[in-house]
Amino acid sequence: MTLQLHNTLTKKTEVFAPKSDNTVKLYTCGPTVYDYLHVGNWSAYIYWDTLVRTLIANDFSVDRVMNITDVGHLVSDADDGEDKLEKGARREGKTAWDVATFYGNDFITGMKRLNLIAPEHITKATEYIPQQLDLVRKLKEKGFTYQIDDGIYFDTAKFPTYADFAGLDLDAQQAGARVALNEQKRHAADFALWKFTPAGEKRDMEWETPAELVEDGRWKMEDGERRANSHLPDSNSQPMGFPGWHLECSAMAMSILGNTLDIHTGGIDHIPVHHTNEIAQSEAASGVTFSNYWLHNNHLKVEGTKISKSLSNGYTLDTLEKRGYSPLDYRLFVLQSHYRSESNFTFENLTGAKNRRHNWRNIAALRHQTHDTLTDDSQKEISLRAAPQALLEALNDDLNTPRALTIIDQAFAEFDGVSITDIHQSGLGQLLEQIDKLLGLALIESTPDITDGQKQLVVQRQRAREDKNWTESDRIRDELAKNGITIRDTVHGPIWEYI
RNA sequence: GGCGCGUUGACGGAACGGUUACGUAGAGGUCUGCAAAACCUUGUAAAUGGGUUCGACUCCCAUACGUGCCUCCA
């Protein structure tokens, strides 16, 4: 089965093929780094990591850009539209630059903890200001922009297919809007490409607005005074400004990957605004399709409700670890749900995933305790041998991770009650490699062999048991337990496991 | 107010117009030096009400509940 993906653009599940050659140009909307990422944020990156791994397993090479939004993303419910980074800086008594660096680094570290493959390009919005200004320039030249007091806006009416991607009914939305619109905007859906720093303010992050982008006379008043209610600064200075949030993704994606991407991924919440705007500004500038496939992950709820600051339910990786869960336990938890389904996080559910991973690790440890059997061409272990391919097929079916986990359970179930000498070492090893390759669970890395000394103890304990020297055998068992090893006594002999 | 999505057993969660999903947890039993594991058995899931069909968890309609978006929010 070839790879099929559900494409938001066509609303269908389609066979995937990159536009040209074998390289997949992939763009993933990254985080805004004004705070720690919570479990909901991470779930998206786990799903897109699975996409990358599936592409690689299908012999594609992947050229991937992920942005880090470190400027321009405005907070909600604020008519003055404060920048999240600037707000975070005030909260912590730092500059916006410090805040962005701190949480940006935490994001990179978190990716490693979750065993996520690093994108080829991780780009910060602040490092692509010239490219973003170029895009504004191009849009202005083509007549897609207009300027009002607080910035340069994209005129959605000039882009007739604006509402198509999300299936929006713009008139109905405008009629039912809850918040007063910016009176100067021509349409409610118009969005800022470039915002001017409000008059009298000094932002941590701001750049000079190139003169040719600013409509003449808008900020230079004849009498030298700035216009009433204007955000523009005094007459003699060039207006300072910063990019609108949507602009960065288009600018970075196109300047690195070219005008047309193969796949663009992001959260389901981005469909009506952010991705709609990306498409509009990108295609207006380039004249070609921005991305051939769009993939969207559904949201994770926590204890049945939306993750929100006020509920303090946005658990971080650190919170999970303090409660005794590895990031990989969380990774397995996320994979239990399909990326397009809404899922629910509870610690009870996370415990289920943790126990499942623990059981899997002990299956993985069997490879240290068995050997290739000479007569391995028996009828046994049929699904063990078929499992690596079945696993890939499950993921090729629109990243069906829940089915992939079932396949693993069924393959592992063949070891139940089987003599350890009947387990085919290389067959098990190949399956483990495939699991780690596709699902990033690090089963091999997290299951080291025990030491020679510990192996000796296992043998000694077995001898003591055969001599019915229970005191000695229990003593050895306790000693092993101190090192995190336990023994299962089976009819076929002892098997060690991690506690 | 407008537009959309969802509702599967204790919990999580798939597939499928007719066959045990699977996992985690629970109960009973077998086995066992003890323990653990393993093995066997077990609970009679599809929000509610209609409809289509030989047959629906699966298709259609309605209701209830939950939830998302409509702002430069995400």
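The chains referred to below are lettered A, B, ... by the order of the sequence lines, with proteins before strands, and numbering in each begins at 1. Bear in mind the structure is a predicted one, so any value in this text is a computation, not a measurement.
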Whole-Å gap separating C1' (B/U7) and CG (A/Asn298) | 14 Å

Mind checking the P distance from B/U44 to B/C11? Whole angstroms is fine.
-> 15 Å

Using both distances under 3.5 Å as the test, list the Watson-Crick or G-U wobble partner of B/G55, or none.
-> none

RNA chain B nearest-nucleotide lookup for A/Thr346 and A/Asn41: closer to the 5′ end is A/Thr346

Reckon A/His274 touches a base, only the sugar-phosphate, or nothing at all at heavy-atom distances under 4.0 Å?
-> nothing

Check the distance between B/G6's C1' and A/Asn297's CG and give it to me in whole angstrom.
-> 16 Å

Checking N1-N3 plus N6-O4 or O6-N4 for Watson-Crick, or N1-O2 and O6-N3 for wobble, each under 3.5 Å, the partner of B/G43 is none

Closest to the side chain of A/Asp489, out of B/A35, B/U67, B/C22, is B/A35

Minimum-distance nucleotide to A/Ser343 side chain [options: B/G33, B/G13, B/U24] | B/G13

Could you give the distance separating B/U71 and B/C57 at their P atoms, to the nearest angstrom?
-> 42 Å

Report yes if the distance between the aromatic ring centroids of A/Tyr162 and A/Phe154 is under 6.0 Å, otherwise no.
-> no

Side-chain heavy atoms of A/Arg53 within contact of A/Leu439, under 4.5 Å = no

When the C1' atoms of B/A25 and B/C31 are considered, how many whole Å apart are they?
-> 23 Å

How far, in whole Å, is B/G18 from B/G55 if one measures between their P atoms?
-> 14 Å

Just checking, any donor-acceptor pair under 3.5 angstrom between side chains of A/Ser43 and A/Tyr339?
-> no

Counting any heavy atom closer than 4.0 Å, what does A/Ile271 reach on the DNA or RNA strands: base, sugar-phosphate only, or nothing?
-> nothing

Looking only at side-chain atoms of A/Pro272, point me to the closest of B/A14, B/C11, B/C69.
-> B/C69

What interatomic distance, in whole Å, is found between P of B/U67 and the corresponding atom of B/U52?
-> 35 Å

Against the side chain of A/Ser337, the closest entry in B/C22, B/G13, B/C34 is B/G13

Once you apply the 3.5 Å cut-off to both distances, tell me the Watson-Crick or G-U wobble partner of B/G12, or none.
-> B/C22

Can the ring centres of A/Trp496 and A/Tyr498 be said to be less than 6.0 Å apart?
-> yes

Which listed nucleotide (B/U67, B/C22, B/C11) is nearest to the side chain of A/Glu342?
-> B/U67

Side-chain donor/acceptor of A/Arg477 to base of B/C34, under 3.5 Å = yes

For A/Arg186 and A/Asp155, indicate whether the former's side chain and the latter's backbone hold a donor-acceptor pair under 3.5 Å.
-> no

Looking only at atom P, what distance separates B/U48 and B/U7, rounded to whole Å?
-> 13 Å

Where the side chain of A/Asn349 is concerned, which of B/G13, B/A36, B/C11 is the nearest nucleotide?
-> B/C11

Paired nucleotide for B/G17 [Watson-Crick or G-U wobble; both distances under 3.5 Å] = none

Please give, in whole Å, the distance from B/A21 P to A/Arg403 CZ?
-> 17 Å

Nucleotide B/C11, atom P - distance to CZ of A/Phe345 in whole Å | 17 Å

Under a 3.5 Å limit for both distances, which nucleotide forms a Watson-Crick or G-U wobble pair with B/A64, could you say?
-> B/U7

Has the side chain of A/Asp474 got a donor or acceptor atom sitting under 3.5 Å from an opposite partner on the base of B/G33?
-> yes

For B/A36, which nucleotide is its Watson-Crick or G-U wobble mate, given both distances must be under 3.5 Å?
-> none

Can you check the A/Leu366 CG to B/A38 C1' distance for me, whole Å?
-> 13 Å

Salt bridge flag under 4.0 Å for residues A/Arg463 and A/Asp467 | no

Distance test, side-chain N/O of A/Asn355 to OP1/OP2 of B/A25, below 4.0 Å | yes

Is the distance from OP1 or OP2 of B/G33 to the nearest side-chain N or O of A/Ser473 less than 4.0 Å?
-> no

Are side-chain heavy atoms of A/Arg465 and A/Pro494 found at a separation under 4.5 Å?
-> no

Please state whether the phosphate of B/A21, meaning OP1 or OP2, lies under 4.0 angstrom from any side-chain nitrogen or oxygen of A/Thr406.
-> no

Between A/Lys468 (NZ) and B/U32 (P), how many Å, whole number?
-> 11 Å

In whole angstrom, give me the gap between the C1' atoms of B/U63 and B/U41.
-> 41 Å

Take atom CD of A/Gln410 and atom C1' of B/A15, then tell me their distance rounded to the nearest Å.
-> 11 Å

Side-chain donor-acceptor pair present, A/Asn67, A/Tyr27, cut-off under 3.5 Å = yes

Please determine if a side-chain N or O atom of A/Asn400 lies less than 4.0 Å away from the OP1 or OP2 oxygen of B/A14.
-> no

Within this structure, what is the CD1-to-P distance between A/Ile476 and B/G33, rounded to whole angstrom?
-> 17 Å

Interatomic distance at C1', B/C5 relative to B/U19, whole Å | 31 Å

Between A/Asn344 and A/Arg356, who's closer to the 5' end of RNA chain B by nearest nucleotide?
-> A/Asn344

